[in-house]
Amino acid sequence: MNTKPSSTLQFTSTTHSERPKPGQEQPQVDASTMVGAPRERALVLGGGGSTGNAWLIGVIAGLFDVGLDITTADLTIGTSAGSTAAAQLAGASPADLFAAILAAAPNQRTVPVGSGPGRVPISPAMDHLERIGKIIAASEDAADMRRRMGTAALDMDPASDGAWQTQWRAIVASRLPSQHWPQRTVLITAVDAQTGEPVVFDRNSGIELADAVAASCASGRPYRIGDSRYIDGGYRSNAENADLAAAYGRVLVLSPFGGRSLVPKEWGTHLTTQVDELRARGSRVETIFPESNSEHMFGANAMDLSLRPPAARAGHHQGRALAEHLSEFWH
């Protein structure tokens, strides 16, 4: 874990009615002007697939069990699986969400593609990571990568009947205890698939919470909102997007992927770079990563539903263990 300090970096906040057409520059808004409430504490919930979501809930529930409620943060930033967790916490207590993960019927592991005799198992997640790796290798920088990711996603766009879109939204909505944006400040990240521009949704964006989460979690096909289509918020600026916590005094980052990134460090989007920038500008920052004995549940295994309960338990154990230290930091 780490400790130190923030800035006034800028981010895009796009309302549904004001969203620019493809090719137009998106308005840049200073984070400090978006938040009229105190800018004391920011909670950053990173991406990490299904197991990452379970681990996030576990950590938060573990802290909650011993009296530290970090869901009261002045700002919560959710990316991909973290956006789901942020939205879930808007409608249920950490304890209830944790209990629901443990109570869910165990799902059997899907047999990996190509796992027949004499073949090396290749899971859908590994195949997805391989595609991403090729796009990154061909990209000049983060902006070029986002554009290429968007193009690749649009090439996978489902048939015009919208069946996949409807199904995906229903799946996402079913995971949310409440369909309403919380009154506290929650930012959900995504990327415009048509322009490659980063996007941040909040309760003033004119879209429903389930749509914002569905867009932030769209790691394959793009998710349509109105005339625009979006892909995973993890492509915006690493899987955490901690830079959006600029100007907050204390920033707590929960990263299921342990801050790891597939992109070159010189692109300046690694979590370590974001944390250094926050600290250089005055923020105190703490990061929580999965312990080494549970790392196998993330990355290539991030979509293995059978690993959700153990991932949640691992996070819960960490949360309880870290509560005393974090209490001094958070209060």
Trainee: Side-chain contact, heavy-atom cut-off 4.5 Å: Arg147 with Glu197?
Mentor: no
Trainee: For the atom pair OG1 (Thr51) and CD1 (Ile101), what is the distance rounded to the nearest 0.5 Å?
Mentor: 10.5 Å
Trainee: Under 4.5 Å between any side-chain heavy atoms of Pro198 and Arg146, yes or no?
Mentor: yes
Trainee: Is the shortest side-chain heavy-atom distance between Trp55 and Gln318 below 4.5 Å?
Mentor: yes
Trainee: For Arg169, is there an ion pair with Asp211 - N to carboxylate O distance below 4.0 angstrom?
Mentor: yes
Trainee: Ser50 and Asn53: side-chain donor and acceptor closer than 3.5 Å?
Mentor: no
Trainee: If you look at every heavy atom in His270 and Val263, which pair is closest and at what distance?
Mentor: NE2-O, 2.7 Å
Trainee: Is there a donor-acceptor contact under 3.5 Å from the side chain of Asn238 to the main chain of Asn241?
Mentor: no
Trainee: Output, in order, the C-alpha distance, side-chain angles, deciding distance and verdict of side-chain hydrogen bond (donor to acceptor under 3.5 Å, both in side chains) for Thr273 and Asp276.
Mentor: CA-CA 5 Å; Thr273 301; Asp276 287 345; 5.7 Å; no
Trainee: Any chance you could measure Leu322, atom CG, to His317, atom NE2, to the nearest 0.5 Å?
Mentor: 9.0 Å
Trainee: Leu262 and Trp267: same hydrophobic cluster, using ILVMFWY side-chain contacts below 4.5 Å?
Mentor: yes
Trainee: What I'd like to find out is whether the side chain of Arg236 reaches to under 4.5 Å of the side chain of Asp243, using heavy atoms alone.
Mentor: yes
Trainee: When you compare the side chain of Arg203 with that of Val186, does any pair of heavy atoms fall below 4.5 Å?
Mentor: no
Trainee: With a 4.5 Å cut-off on side-chain heavy atoms, are Ile60 and Leu45 touching?
Mentor: yes
Trainee: Indicate yes or no: at least one non-hydrogen side-chain atom of Asp74 is less than 4.5 angstrom from one of Thr185.
Mentor: no
Trainee: So, Trp181 and Glu208: side-chain donor and acceptor under 3.5 Å apart, yes or no?
Mentor: no
Trainee: So that I know where these two stand, are Phe201 and Tyr230 an aromatic pair - ring centroids less than 6.0 Å apart?
Mentor: yes
Trainee: Spell out, yes or no, whether Ile171 and Leu176 are grouped together once hydrophobic residues are joined by side-chain heavy atoms under 4.5 Å, including indirect joins.
Mentor: yes
Trainee: Would you tell me whether Glu286 and His325 have side-chain atoms, one donor and one acceptor, within less than 3.5 Å of each other?
Mentor: yes
Trainee: Looking only at heavy atoms, which two atoms of Ile57 and Ala85 are closest? And how far apart?
Mentor: CD1-CB, 4.1 Å
Trainee: Could you check whether Thr72 and Asp69, counting side-chain N and O atoms only, form a donor-acceptor pair closer than 3.5 Å?
Mentor: no
Trainee: At their closest point, which heavy atom of Glu240 faces which heavy atom of Thr79, and how far apart are they?
Mentor: O-OG1, 3.7 Å
Trainee: Between Ala138 and Asp144, what is the shortest heavy-atom contact and its length?
Mentor: O-OD2, 4.1 Å
Trainee: Can you tell me how far the SG atom of Cys217 sits from the CG atom of Asp232, to the nearest 0.5 Å?
Mentor: 6.5 Å
Trainee: Going only through I, L, V, M, F, W and Y residues with side-chain contacts under 4.5 Å, is there a path from Leu102 to Phe64?
Mentor: no
Trainee: Roughly how far, to the nearest 0.5 Å, is the OG atom of Ser80 from the CD1 atom of Ile188?
Mentor: 11.0 Å
Trainee: Can you tell me how far apart CZ (Phe289) and CG (Leu271) are? Round to the nearest 0.5 Å.
Mentor: 5.0 Å
Trainee: With a 4.5 Å limit on heavy-atom distance, are the side chains of Ser294 and Phe298 in contact?
Mentor: yes
